[in-house]
> 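Structure in structure tokens, see below.
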Amino acid sequence: MKIYKFGGASVKSADGVRNLEKIVGNANDKVVVVVSAMGKMTNALECVVNSFFNKKSDTAQNIEKVITYHEEIIKELFGENRVSVDLMIEELFSNLREITNQKPSLSYDYEYDRIVSFGELMSTTIVAAYLQSRGLEAEWIDIRRCIITDQNYREGNVDMELSRRLSSEVMMEKKLCITQGFIAGTATNQTTTLGREGSDYTAAILANLLDAESVTIWKDVPGVMNADPKKYKDVQIIPVLSYKEAIELSYCGASVIHPKTVKPLQNKKIPLYVRSFIEPEKPGSAICNYTQPIDLPPIYINKGNQVLLSLTPRDFSFIAEERLSKIFGVLASYRLKSSLVQTSAISFSLCVDYNEVNFQKMIDELRDEYEVLYNTDVELITIRHYTKEIVDKLVGEKKVYVEQRNRLTARFIIGN
Ligand code: ASP
Ligand code: MG
């Protein structure tokens, strides 16, 4: 069995869905297809959640935008002959309207998962119906009955053993399953999600649970590149990477795969292929259990939207273990993730992904004990396998706030 994952960009239009059908039709194997929400529908659904939760009147309008987007794709794919998709999709449309006609509960995160999950439910409904209309034996699977998490809404923790039993029962014998990325369910049938961009992670979890032969992520780039092709001109594809290299890259902010994707695959030595849905005949990149040293070019990642924070205890006490664990506790309680840390005797600097609301709340809390200084709008540049030339090229005369280097990796926090 193979796992294929298609992200939002690959199914953003009717042509995208047709292309998916060609790729899946050529698979010659049992396949579980994991699909994200179409195009930017997760962002659009986040707008629905926000207007609903903040009791703004434009919720209905925001929902109609989501519905119209899907309607247009359905019209193009099925024309007049849409009975096969209508029953399920109309039910999803009306469920979404119904939820938002009631009062929201007190938990934003709960409402978020309940609403945002419609993106994946709608995309997979359309994709499954289209594949069936083309004569493929595709079965729509509700992943919320297969991948079970705790109630940590917006970043559910997966119960692997329970999920293994349920996923195998539902999917093992089937020829072609179409299911949702990113979303999951609790043991009491509530909907959860695994964190933004989490569909790659879903594919990896399923591969682990079902002992798949491989995972292929179909993307709009030819494979794993040594830098972002949207930002740099002379980039090159990296044909083979070890799990270790891949996990380091995704952790540093390389958006080609979600950082949580590697572990479930590494644990079972399942290879991950990153291939182009535009040129599916090309081999792309393989991430696998490769232990020989591979000669890699410098790989560089720019991570924007960062904030650099410096904390100094007001009473001049040392930054020791106990303080550090408290600071990280505060960070976690606001769901802020640190991408780099540096300590000195009485000062602690860290770079975090910027989220205006949570960040302000967090520093208000830290100000009781610390003098807090911060710079917003800084960028974190990570260079793996760095050379002097590449550091000069990327960092050059720029204003460097923090610099860290080890044998393989150089990291710079740059001010704008
Ligand atoms: N649709 C979700 C998101 O945009 C999950 C994913 O695309 O992987 O975050
Ligand atoms: Mg997406």
Side-chain angles (χ1 to χ4, degrees), residues 3-13 16-17 19-20 32-50 62-63 65-67 69-70 73 92 96 108-109 111-128 140-144 146-147 149 152-158 178-185 191-207 215-221 224 230 246 250-251 253-265 272-275 277 303 305 335 337 353 355:
I3 314 284
Y4 279 4
K5 181 258 170 174
F6 289 88
S10 68
V11 289
K12 65 171 194 250
S13 62
V17 178
N19 188 47
L20 176 152
V32 174
V33 182
V34 173
V35 187
S36 300
M38 294 176 151
K40 300 266 177 251
M41 281 298 108
T42 304
N43 293 356
L45 284 156
E46 282 186 342
C47 293
V48 174
V49 183
N50 292 336
N62 287 338
I63 290 182
K65 277 189 205 151
V66 171
I67 292 179
Y69 186 94
H70 290 98
I73 292 179
L92 290 172
L96 179 58
Y108 177 86
D109 292 351
E111 298 297 351
Y112 180 99
D113 285 358
R114 193 153 84 117
I115 292 174
V116 162
S117 54
F118 276 89
E120 272 70 12
L121 294 172
M122 290 175 188
S123 68
T124 48
T125 299
I126 296 170
V127 167
W140 183 87
I141 305 287
D142 188 341
I143 201 73
R144 296 170 299 176
C146 300
I147 296 184
T149 68
N152 190 30
Y153 294 105
R154 295 184 69 187
E155 193 150 14
N157 299 296
V158 178
I178 310 300
T179 198
Q180 306 78 39
F182 174 57
I183 74 172
T191 302
T192 53
T193 61
L194 306 174
R196 282 299 310 259
E197 308 301 333
S199 296
D200 295 351
Y201 182 40
T202 304
I205 293 170
L206 284 177
V215 173
T216 306
I217 298 183
W218 296 94
K219 299 210 49 121
D220 57 359
V221 286
V224 179
K230 291 185 190 109
S250 58
Y251 176 79
S255 59
V256 62
I257 51 169
H258 187 278
K260 283 185 171 174
T261 310
V262 180
K263 181 179 184 295
L265 301 176
L272 169 66
Y273 302 111
V274 178
R275 296 176 62 183
F277 63 76
K303 196 172 193 209
N305 197 33
R335 291 176 187 271
K337 295 210 163 74
D353 293 342
N355 165 322

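Remember, it's 1-based here, ligands and their atoms both numbered in the order they're listed.
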> Between Ser36 and ligand 1, does any nitrogen or oxygen pair lie at a separation below 3.5 Å?
yes
> Answer yes or no: is there a donor N or O on one side and an acceptor on the other, between the side chain of Gln180 and the main chain of Ile143, under 3.5 Å?
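Yes; at least one donor-acceptor contact below 3.5 Å.
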> Please examine the side chains of Glu120 and Thr42, heavy atoms only from C-beta on, and report whether any two atoms are closer than 4.5 Å.
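A side-chain contact exists here, since the closest heavy-atom pair is under 4.5 Å.
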> Less than 4.0 Å is my threshold; does some heavy atom of Gly198 fall inside it relative to ligand 1?
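It does; at least one heavy atom falls under 4.0 Å.
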> Do Leu121 and Arg144 come within less than 4.5 Å of each other through their side chains, counting heavy atoms only?
yes
> When only distance counts, is Asp200 in polar contact with ligand 1, meaning an N/O pair under 3.5 Å?
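Such a contact does not occur with ligand 1.
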> Return the minimal non-hydrogen interatomic distance between Tyr153 and Asp113, and the atom names on each side.
CA-OD2, 3.3 Å
> Is the closest side-chain heavy-atom distance between Tyr108 and Arg154 below 4.5 Å?
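They are in side-chain contact.
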> For Arg196, take its heavy atoms, then give the atoms of ligand 1 lying under 4.0 Å from any of them.
3 (C), 4 (O), 9 (O)
> At a 4.0 Å threshold, what atoms of ligand 1 neighbour a non-hydrogen atom of Glu120?
1 (N), 2 (C), 5 (C)
> Using a strict 4.0 Å cut-off to heavy atoms of Thr42, name the atoms of ligand 1 that fall inside it.
1 (N), 2 (C), 3 (C), 4 (O)
> Check Asp220 with Lys12, please: is the shortest side-chain N to carboxylate O separation under 4.0 Å?
no
> Using heavy atoms and a 4.0 Å limit, tell me yes or no: is His258 in contact with ligand 1?
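Heavy atoms of His258 never come under 4.0 Å of ligand 1.
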